[in-house]
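Before any comments, here is the structure.
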Amino acid sequence: MYVKGDFMAKKNTAEVLINGKIYTISGYESTAYLHKVATFLNELEEDISKTENYNMLSPDEKQLLKNMNLADVYFKANDAREELEHQVEDKDREIYSLKHDLIDARLEKDKLLQQIKELETKLAEEQKRRIRAVKSTELRKLRKPEQRL
């Protein structure tokens, strides 16, 4: 296992069984992780050993086949990681755009609410003016004597 960054981290050691042999491995990851790596290698060995004519291969060819499979797993996982990163970037851009749309919508809402207030004020003023006009007309009628024919 290789070290990532912190050289002061505690090194862990684990005894693991790989291909029927016990190995002592160490690394800065947890012992559970070290066992997980060993399990992965055992599963890989088991899968590769099922391939046709595997037992007829030389030890170097077997190792090359294992290395090719490990590289395949690595590149597929790396491609999947890159795809997920692109998806995250796309989602981040979409969220950024949606936030701006939300801000624009709130500003438009505030503008419309202000227009509603202004129109309500104008309506109230117009209603008061009409009421005054009606009252004024009624007062004029009361002040003028009715003419009868």
Side-chain angles (χ1 to χ4, degrees), residues 1-140:
M1 307 284 110
Y2 64 92
V3 180
K4 290 184 186 176
D6 188 5
F7 291 101
M8 301 301 286
K10 180 183 173 229
K11 198 169 190 176
N12 294 307
T13 302
E15 286 192 356
V16 296
L17 182 67
I18 301 175
N19 294 333
K21 293 181 183 176
I22 296 177
Y23 295 93
T24 301
I25 59 174
S26 61
Y28 292 95
E29 294 82 4
S30 68
T31 55
Y33 178 81
L34 299 175
H35 284 283
K36 185 177 179 180
V37 169
T39 300
F40 174 78
L41 291 175
N42 284 324
E43 290 171 356
L44 180 67
E45 175 69 28
E46 185 179 322
D47 289 345
I48 292 173
S49 67
K50 292 177 184 176
T51 58
E52 190 175 329
N53 298 324
Y54 176 77
N55 290 331
M56 298 174 74
L57 297 174
S58 70
D60 286 343
E61 291 171 325
K62 288 178 181 179
Q63 189 59 51
L64 178 61
L65 185 58
K66 291 175 197 174
N67 291 343
M68 293 292 290
N69 276 276
L70 282 171
D72 180 55
V73 168
Y74 169 78
F75 284 117
K76 286 178 180 174
N78 196 45
D79 289 347
R81 179 194 53 80
E82 286 177 358
E83 177 59 29
L84 289 173
E85 284 177 354
H86 290 300
Q87 288 176 8
V88 166
E89 288 171 4
D90 290 345
K91 295 296 180 191
D92 285 346
R93 279 192 291 277
E94 186 178 348
I95 288 170
Y96 181 80
S97 176
L98 289 171
K99 283 181 179 179
H100 281 283
D101 290 349
L102 179 61
I103 290 168
D104 290 345
R106 285 181 178 164
L107 291 173
E108 182 65 20
K109 179 189 114 191
D110 290 345
K111 180 180 171 184
L112 291 171
L113 288 173
Q114 183 61 35
Q115 287 177 351
I116 289 170
K117 278 185 181 180
E118 289 170 4
L119 290 171
E120 285 174 340
T121 302
K122 285 181 182 179
L123 178 62
E125 289 172 2
E126 182 62 26
Q127 287 173 338
K128 287 178 187 176
R129 189 187 66 70
R130 284 188 178 179
I131 290 170
R132 282 193 303 268
V134 167
K135 285 182 180 178
S136 174
T137 302
E138 289 175 357
L139 282 175
R140 269 189 259 135

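- Atoms CD and CG, from Glu85 and Asp92 in turn, are 11.5 Å apart once rounded to the nearest 0.5 Å.
- Formation of a donor-acceptor pair under 3.5 Å by the Ser136 side chain with backbone atoms of Arg132 is not found in this model.
- Taking CG of Leu41 as the start and NZ of Lys36 as the end, the distance is 13.0 Å to the nearest 0.5 Å.
- Within 6.0 Å of CZ in Arg81 there are more than 12 heavy atoms belonging to other residues, nucleotides or ligands.
- The neighbour count for Ile22 CD1, taken as heavy atoms of other residues, nucleotides or ligands under 6.0 Å away, does not exceed 12.
- For the pair Lys10 and Tyr28, the cation-pi test (distance below 6.0 Å, angle within 45°) is failed.
- Using a 4.5 Å heavy-atom threshold, the side chains of Val73 and Phe40 count as touching.
- Residues Ile48 and Leu44 have side chains in contact (heavy-atom distance under 4.5 Å, counting atoms from C-beta outward).
- Residues Lys76 and Asp72 are paired through a salt bridge, judged by an N-O separation under 4.0 Å between the basic side chain and the carboxylate.
- Atoms OG and CG, from Ser30 and Asn12 in turn, are 7.0 Å apart once rounded to the nearest 0.5 Å.
- Taken to the nearest 0.5 Å, the CG atom of Asp101 stands 12.5 Å off from the CD atom of Glu108.
- Using a 4.5 Å heavy-atom threshold, the side chains of Gln114 and Asp110 count as separate.
- Of the charged side-chain nitrogens involved, none lies within less than 4.0 Å of a carboxylate oxygen, so that Glu126 and Lys122 do not count as a salt-bridged pair.
- The two residues Leu34 and Gly27 come nearest to each other via the heavy atoms CD1-N, 4.1 Å.
- Counting only heavy atoms from C-beta outward, the side chains of Asn42 and Ile18 approach each other to under 4.5 Å.
- Not one N or O on the side chain of Ser97 forms a donor-acceptor pair closer than 3.5 Å with the backbone of Arg93.
- Surrounding CZ of Arg130 are at most 12 heavy atoms belonging to other residues, nucleotides or ligands under 6.0 Å away.
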Between Lys99 and Ile95, is a side chain to side chain contact (heavy atoms under 4.5 Å, CB included) present by the stated rule, with each step listed? CA-CA 6 Å; Lys99 283 181 179 179; Ile95 288 170; 3.7 Å; yes
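- Two residues are said to be in side-chain contact when any heavy atoms from C-beta on lie closer than 4.5 Å; Leu98 and Glu94 meet this criterion.
- A salt bridge does not link Arg129 to Glu125: none of the charged side-chain nitrogens sits closer than 4.0 Å to a carboxylate oxygen.
- Distance check: Asp79 CG to Glu83 CD gives 9.5 Å after rounding to the nearest 0.5 Å.
- Residues passing the ring-ring contact (aromatic ring centres under 6.0 Å, His included) test with Phe75: none are found, sequence neighbours excluded.
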With side chain to side chain contact (heavy atoms under 4.5 Å, CB included) as the criterion, how do Tyr54 and Lys62 come out once you've worked through the C-alpha distance, each side chain's angles and the decisive distance to 0.1 Å? CA-CA 7 Å; Tyr54 176 77; Lys62 288 178 181 179; 3.6 Å; yes
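- Here Asn69 contributes atom CG and Leu65 contributes atom CG; the two are 5.0 Å apart, rounded to the nearest 0.5 Å.
- Looking at heavy atoms from C-beta onward, Asn53 lies in side-chain contact with Met56 at the 4.5 angstrom threshold.
- Within the structure, salt bridge (charged side-chain N to carboxylate O under 4.0 Å, His left out) contacts touching residues 45-55 (residues at least two apart or in different chains) are Glu45-Lys66, Glu46-Lys50.
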